[in-house]
Peer 1: 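Structure in structure tokens, see below.
We use all heavy atoms of the structure for the numbers below, so side chains are in, but hydrogens, waters and symmetry mates are not. Note that the structure is predicted; figures quoted are calculated from it, not measured.
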Amino acid sequence: HEATHGLVLSVLSLYCLMRFQRSARWLWIAGMGLCAGLVFLTKPESFVAIGPALVCGLALTLCNQKASIARMAAVGSAITLCAAAPVLIAWMLLATAMPSMEALQGALGSWPFLTNRELTSLPFFAEVMGTDVLGENLLMVLVVMGKYLLVLVPAVLAGLLVSGRGLAPQIVAVIGAAAVPAALLTIGRSDRAWYLVARPLPIFLAVAGVIIAIGILRHRRDDEHQLLRILKLTLILWAELLLLKIIALARIEHYGFILAMPGMMLLVVMLMDWIPASVRTFGGSAMVVQAAGLSLLGAIVWMQLYRMNSRLALRTQIIGKGADAMHVDARGATLSQALAYLDAHMGPDQTLLVMPEGILINYLLRKDNPVPYLTFLPPDLLMFGEDRILQDVKANPPDYLAIVDRPVFEFGKVAPGNDYAMSIMDYLLRNYDFRDKAVFGRVPYLVRAGEPAVGFGVMIAPRKSESNAPQAGAASQPIGVLRPQ
């Protein structure tokens, strides 16, 4: 997964920065640049986070090392050249198999699409970022942050108050601080805040970043600890910028499995180290704060496991065989029937196209998708162009077509053939024999008037034979009433 690769490479680049702080060797500059260039090849959000973070960390490190202007320029040039190398190599390798401009577009990946206003304005991206209902999401950020403060503020005060009063008061304070999250969990197990624990991450990281930055400015001559402060600030900036895509809806699921991970790890460090250390600096008991932090983290983990278990319990079906077998939800029964039908009817070299999304079916059957598109969702049509996709389908028509009931409401559309992919669906309806169709579950998107719009379905149709091919100007086959809701 590109996001996973981007995260690992970002960590490696930060490791190179840390090693450069210790030895100032050119090897680590080259490593930083190469890793950053490889991150560029993954996903824009990954590079947008690590790029500025590395620039900030490296600039502060060079200033701390009292590097000359000439050395700064040399380091900047070296890291830029090393970062450009993976992109240039990717371009050259792709150019051996395609025209150079197509190769360049392939090397750049998603970057050119960032300027596509029609694409970036899809409701999906506003929903992911949390700006679709901004007021509601910001209110929830404050609510969840209040839950954190309800645990941490009393623990900090207790840690400061019991300092120097003997072991017994400290033990009582530790037990009390640890009991607060447990009590909140017991009383409010259904509280949504337990599932929204990452919401305040942008605020927590911003506050931590400001505190570290102030420390860097105040202790400019403190060489012993300054490099550690710079590394902390670099990590915080990286974690903060990673959250930009989900800034008002920070979460640990969906995109958050990568984007929020560094922030959550830093939150653990804050609760178990940075905040307790600050309390200790003022003469308080760090143990009390650590007890509260550990108990809070334990409650969060318990609730996430509870939530995960409830979701896994819905996976009552198994699709695939052998090493491909996986547990899925109730839709698996319908999908298994469709897989069995295709396996029985398709020849060994026949191809399959799944609309609008379902490349997993191709994989499980080991059947080729004859066109270079994994999905046919609204973003795909905006990125690659409906006309281009249609020409590729016409040039390499699949032997079988499967239409899967995959909702596309998050993109502001209803269904292919209803309000997007009109020409593609018109071609498919003309050239595939829906009189010989097989339907498993309910008819995807297309149901007869009066039928309930519930359930899941897969519809499969073979390509028409040449003798049965549609005549020019012939209308596409009506197969039902498109579900509008």
Side-chain angles (χ1 to χ4, degrees), residues 1-91 93 107-109 111 205 208-209 212-213 215-216 220 222-244 258-266 268-269 273-274:
H1 195 284
E2 291 180 9
T4 308
H5 298 155
L7 182 75
V8 173
L9 291 165
S10 296
V11 172
L12 285 175
S13 67
L14 291 168
Y15 174 76
C16 290
L17 173 62
M18 182 186 71
R19 294 302 301 266
F20 176 75
Q21 287 182 334
R22 297 177 180 179
S23 65
R25 294 176 59 189
W26 287 100
L27 172 66
W28 303 118
I29 290 294
M32 254 187 288
L34 288 172
C35 288
L38 290 170
V39 172
F40 182 90
L41 293 174
T42 59
K43 295 178 78 70
E45 53 264 37
S46 298
F47 185 80
V48 165
I50 195 60
L54 284 179
V55 169
C56 174
L58 186 58
L60 291 173
T61 298
L62 291 171
C63 289
N64 182 260
Q65 294 173 350
K66 299 178 176 58
S68 64
I69 298 297
R71 177 168 171 76
M72 288 185 180
V75 169
S77 300
I79 198 169
T80 302
L81 288 173
C82 290
V87 182
L88 291 173
I89 292 172
W91 180 25
L93 289 174
L108 292 176
W111 286 95
L205 292 171
I212 298 295
I216 291 173
R220 280 174 286 186
D222 183 8
D223 294 335
E224 183 180 353
H225 298 100
Q226 194 71 322
L227 290 177
L228 180 58
R229 293 190 191 96
I230 291 171
L231 193 58
K232 286 181 179 179
L233 182 61
T234 305
L235 286 169
I236 291 170
L237 181 58
W238 172 53
E240 185 76 90
L241 292 175
L242 262 182
L243 290 170
L244 286 178
I258 286 292
L259 301 182
M261 192 183 82
M264 287 302 293
M265 292 178 68
L266 284 172
V268 173
V269 175
D273 184 21
W274 295 353

Peer 1: To the nearest 0.5 Å, what is the distance between OG on Ser10 and CD1 on Ile258?
Peer 2: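 Reported to 0.5 Å precision, the distance equals 9.5 Å.
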Peer 1: List the atom of Ala239, the atom of Leu266, and the distance in Å for their closest heavy-atom pair.
Peer 2: CB-CD1, 3.7 Å
Peer 1: If you define the side chain from C-beta out and look only at heavy atoms, does anything of Leu41 sit under 4.5 Å from Phe47?
Peer 2: no
Peer 1: Under the side-chain hydrogen bond (donor to acceptor under 3.5 Å, both in side chains) definition, can you give me all pairs with a residue in residues 32-59, not counting sequence neighbours?
Peer 2: Glu45-Lys245
Peer 1: Check the pair Leu244, Leu259 against side-chain contact (heavy atoms from CB on, under 4.5 Å), reporting the backbone distance first and the verdict last.
Peer 2: CA-CA 9 Å; Leu244 286 178; Leu259 301 182; over 6 Å; no
Peer 1: Is the shortest heavy-atom distance from the side chain of Met32 to the side chain of Ile29 under 4.5 Å?
Peer 2: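 Met32 vs Ile29: side chains touch.
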Peer 1: Side-chain donor-acceptor pairs under 3.5 Å in residues 51-74, sequence neighbours left out?
Peer 2:
residue : atom : partner : partner atom : Å
Thr61   : OG1  : Gln21   : NE2          : 3.2
Thr61   : OG1  : Gly57   : O            : 2.7
Ser68   : OG   : Arg71   : N            : 3.2

Peer 1: Any heavy-atom pair between the side chains of Phe20 and Leu27 that's under 4.5 Å?
Peer 2: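 In short, these two side chains do not touch, never coming nearer than 4.5 Å.
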Peer 1: Leu242 and Pro262: which non-hydrogen atoms are nearest, and at how many Å?
Peer 2: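 Looks like CD1-CG, 3.5 Å.
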Peer 1: Write down the atom of Leu34, the atom of Cys82, and the distance for their closest heavy-atom approach.
Peer 2: CD2-O, 3.4 Å
Peer 1: Rounded to the nearest 0.5 Å, how far does CD1 of Ile50 lie from CG of Leu237?
Peer 2: 9.0 Å
Peer 1: Per the side-chain hydrogen bond (donor to acceptor under 3.5 Å, both in side chains) rule, what does the pair list look like for residues 229-240, sequence neighbours excluded?
Peer 2: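 Sorted pair list: Asp222-Arg229, Gln226-Arg229.
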Peer 1: How many angstroms lie between CG in Leu9 and CG in Leu14, if you round to the nearest 0.5 Å?
Peer 2: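 So the gap between those two atoms works out to 11.0 Å.
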Peer 1: Please tell me if the side chains of Ser13 and Leu38 come closer than 4.5 Å, counting only heavy atoms from C-beta onward.
Peer 2: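 They are not in contact (no side-chain heavy atoms under 4.5 Å apart), so the answer is no.
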Peer 1: Would a 4.5 Å heavy-atom cut-off, applied to side chains only, mark Ile230 and Leu233 as touching?
Peer 2: no
Peer 1: How close do Gly263 and Leu205 get, counting heavy atoms only, and between which atoms?
Peer 2: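 Of all heavy-atom pairs spanning Gly263 and Leu205, the closest is CA-CD1, 4.1 Å.
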Peer 1: Test your reading of the model: is there a side-chain donor-acceptor pair from Trp28 to the backbone of Arg22, 3.5 Å cut-off?
Peer 2: no
Peer 1: Looking at every non-hydrogen atom in both residues, tell me the closest pair between Cys35 and Leu12 and how far apart they are.
Peer 2: SG-CB, 3.7 Å
Peer 1: List the steps, then state whether side-chain contact (heavy atoms from CB on, under 4.5 Å) holds for Trp26 with Val75.
Peer 2: CA-CA 8 Å; Trp26 287 100; Val75 169; 3.9 Å; yes
